[in-house]
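Reviewing the structure listed below.
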Amino acid sequence: MSHDLSIITPFHFQQSGRGNLDAARKRLEAYLQSLSIKPSLDILISTNLKQCLSDNVSARLINDVQSFPVYSPGVARDNAIQYSTARALFFMDADLLCSPELVDQLPERGQRFGQSGTSAFEMYPCLYLTKEETERFDGDFQGCLESFLRGENHRVEGIALASSCLLLNREWFLQLGGFDKQFVGHGGEDLELIDRLCQHYPIGPRPDDYGLNIKAQHPGDYQGFRRYFSYYALPHLFAGRFLVHQWHPRPLTHPYHKRRASNDQLLEQMLASPRPLKGPVHPCNDLNGELPDFREWMIRLQEEAGYPVSDYPGLLHWQEGIRPKRPLWRKLRKLYLNPRAFFRDMFKPASR
């Protein structure tokens with residue numbers, strides 16, 4: 001059966017501190033339920049558990065065979081794409097839930113990318129639910145968004161404007177060469193792909209600090225490529241086109257997560273030495289080719305959407321009186337993954 005859009009999802013399970021299989025399957029079931037309002041969607045799940053899932057999963061299951069000692073989500077996505085004949089692809093991980101507005105609009109928006117050779121793409125933001133909100137989440141996407149925008153942290157612990165949730169043309173993805181197989185384990189492969197997509201579909205000139213790989217709790221403090229990528233993503237947030245991430249353990253002792261530091265280093269090297277272009281450059285005209293000051297632009301979009309910053313400061317800082325959740329394990333994790341950022345943040349004042 002031919003489809004206009006395929007949703008590509010990796011699902012790999014390896015028992016090693018990331019929770020049990022029942023919890024992973026529960027997240028997968030919730031993921032599928034969030035997509036069920038569009039039963040005609042072509043969902044391809046690349047997995048090492050095909051036999052285990054085949055009885056009760058309403059999706060096409062692809063047997064994910066990898067030659068790497070550590071799992072590669074990029075290779076898993078590439079494996080699934082081999083079975084897609086759709087004109088457009090949407091990347092979505094199995095621990096994510098898709099808002100009804102985005103699910104409803106995906107097929108129509110995917111048609112925009114059905115034109116052969118188009119280098120345009122869309123990138124959708126993701127809210128990270130707390131462990132408690134994940135356990136009780138009942139589909140209240142708007143409530144979680146508004147809670148985060150108010151600067152609260154009991155329902156949502158953070159946001160990623162630049163995410164791996166990408167909608168793009170399949171032929172163009174294949175022309176680009178797919179995901180870079182140098183990335184194995186957690187992180188980097190999605191950001192490197194977005195960098196290549198942006199090279200061919202620039203929303204504006206790249207700033208001097210583009211190569212900085214610095215994370216921030218609040219988008220108002222973004223720097224480098226994350227700030228640049230956010231110009232593509234932020235308008236979708238206020239239009240209701242976003243996803244939420246279901247909390248799960250991420251132990252550093254797991255081989256998958258231990259690769260994060262080396263993947264960050266590889267990403268920084270690749271950003272510093274861009275590859276030759278794979279095709280023509282077609283500028284994104286959403287901002288008329290010029291990048292406005294990011295914080296000012298973000299505030300303007302937010303207030304035009306009906307969220308005055310005086311009442312909804314969450315994209316800039318926590319609400320007055322809210323204590324940031326910084327348990328010891330998270331500090332140690334940051335020290336392990338990025339010592340430079342750990343010591344820099346020790347002396348950085350809180351964002352306002």
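Position 1 is the first residue of the sequence; numbering continues from there.
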Show, in sequence, the C-alpha distance, side-chain angles and deciding distance for Gln142 and Glu146, and conclude whether the side-chain hydrogen bond (donor to acceptor under 3.5 Å, both in side chains) test is met.
CA-CA 6 Å; Gln142 185 64 24; Glu146 292 186 3; 2.9 Å; yes
Working for salt bridge (charged side-chain N to carboxylate O under 4.0 Å, His left out), residues Arg300 and Glu304:
CA-CA 6 Å; Arg300 176 171 59 82; Glu304 288 176 351; 3.5 Å; yes
Please test Ser6 against Asp42 for side-chain hydrogen bond (donor to acceptor under 3.5 Å, both in side chains), starting from the C-alpha separation and ending with a verdict.
CA-CA 5 Å; Ser6 289; Asp42 180 35; 2.6 Å; yes
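- Hydrophobic clustering of Ile, Leu, Val, Met, Phe, Trp and Tyr side chains at less than 4.5 Å, counting indirect connections, unites Val156 with Leu316.
- Listed by chain and residue number, nothing satisfies the ring pair (Phe, Tyr, Trp, His ring centres under 6.0 Å) test with Tyr222 (two or more places apart in sequence, or in another chain).
- Side-chain contact of Gln33 with Tyr31: a donor-acceptor pair under 3.5 Å is absent, judged by distance alone.
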Test Ser46 against Phe11 for side-chain contact (heavy atoms from CB on, under 4.5 Å), laying out the working first.
CA-CA 6 Å; Ser46 183; Phe11 179 76; over 6 Å; no
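- Remark: the Asn153 side chain and the Arg323 side chain contain no N/O donor-acceptor pair separated by less than 3.5 Å.
- Checked by atom type, the side-chain pair Asp195/Tyr210 shows a donor-acceptor distance below 3.5 Å.
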Show the numbers, then the answer: is there a side-chain contact (heavy atoms from CB on, under 4.5 Å) between Ile81 and Leu174?
CA-CA 9 Å; Ile81 290 167; Leu174 295 174; 4.2 Å; yes
Test salt bridge (charged side-chain N to carboxylate O under 4.0 Å, His left out) on Asp311 and Arg150 and set out the steps.
CA-CA 6 Å; Asp311 298 322; Arg150 282 193 297 268; over 6 Å; no
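- With contacts defined as side-chain heavy-atom distances shorter than 4.5 Å, the pair Gln199/Arg196 qualifies.
- In this structure, Phe179 has its ring center closer than 6.0 angstrom to the ring center of Phe173.
- Judged purely by atom type and a 3.5 angstrom limit, Glu303 has no side-chain atom pairing as donor or acceptor with the backbone of Pro308.
- Ring centroid separation for the pair His282 and Tyr201 does not come in under the 6.0 Å cut-off.
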Determine, stepwise, if the pair Lys26 / Asp22 fulfils salt bridge (charged side-chain N to carboxylate O under 4.0 Å, His left out).
CA-CA 6 Å; Lys26 182 179 179 180; Asp22 287 343; over 6 Å; no
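- Side-chain atoms of Gln302 come within 3.5 Å of backbone N or O of Tyr312 as a donor-acceptor pair.
- A donor and an acceptor atom, one from each side chain of Ser147 and Glu152, are located under 3.5 Å apart.
- Counting non-hydrogen atoms of neighbouring residues, nucleotides and ligands closer than 6.0 angstrom, the CD atom of Glu108 reaches no more than 12 such neighbours.
- Although no hydrogens or angles enter the test, the distance criterion places a donor-acceptor pair under 3.5 Å between the side chain of Asn169 and the main chain of Phe113.
- The environment of Glu290 atom CD is sparse: at most 12 non-hydrogen atoms of other residues, nucleotides or ligands sit within 6.0 angstrom.
- Between the Ser34 side chain and the Leu97 main chain, no donor and acceptor come within less than 3.5 Å of each other.
- For the residue pair Asp64 and Asn48, no side-chain donor N or O sits within less than 3.5 Å of a side-chain acceptor on the partner.
- Side-chain atoms of Tyr124 do not come within 3.5 Å of backbone N or O of Leu234 as any donor-acceptor pair.
- Residues forming a ring pair (Phe, Tyr, Trp, His ring centres under 6.0 Å) with Phe225 (at least two apart in sequence, or on another chain): Phe229.
- Leu176 and Leu277 fall into different hydrophobic clusters, where Ile, Leu, Val, Met, Phe, Trp and Tyr side chains are chained together by heavy-atom contacts under 4.5 Å.
- When only modelled atom types and interatomic distance are considered, Asp95 and His245 share a side-chain donor-acceptor pair under 3.5 Å.
- Between the side chain of Asp140 and the backbone N or O of Gly143 there is at least one donor-acceptor pair closer than 3.5 Å.
- In this view, Tyr231 and Phe294, Trp297 satisfy the ring pair (Phe, Tyr, Trp, His ring centres under 6.0 Å) rule, not counting sequence neighbours.
- Not a single donor-acceptor pair under 3.5 Å links the side chain of Ser164 to the backbone N or O of Asp190.
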What's the verdict on side-chain contact (heavy atoms from CB on, under 4.5 Å) for Thr118 and Trp172, showing C-alpha distance, side-chain angles and the deciding distance?
CA-CA 7 Å; Thr118 179; Trp172 174 239; 5.8 Å; no
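- The closest donor-acceptor contact from the side chain of Ser230 to the backbone of Ala233 lies at 3.5 Å or more, if one exists at all.
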Please step through salt bridge (charged side-chain N to carboxylate O under 4.0 Å, His left out) for the pair Glu101 and Arg241, ending with a clear verdict.
CA-CA 6 Å; Glu101 289 83 356; Arg241 295 187 292 269; over 6 Å; no
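- For Phe137 and Phe141, the distance between ring centers is under 6.0 angstrom.
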As a quick check of understanding, evaluate side-chain contact (heavy atoms from CB on, under 4.5 Å) for Asp221 and Arg227, giving each step before the final call.
CA-CA 8 Å; Asp221 295 325; Arg227 182 175 58 202; over 6 Å; no
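- Judged by distance alone, the side chain of His236 and the main-chain N or O of Phe242 form no donor-acceptor pair under 3.5 Å.
- Hydrophobic clustering (side-chain heavy atoms under 4.5 Å, transitive across Ile, Leu, Val, Met, Phe, Trp, Tyr) groups Leu287 together with Phe238.
- In this structure a side-chain-to-backbone donor-acceptor pair under 3.5 Å is missing from Asn263 to Gly188.
- Other residues, nucleotides and ligands contribute at most 12 non-hydrogen atoms within 6.0 Å of the CG atom of Asp208.
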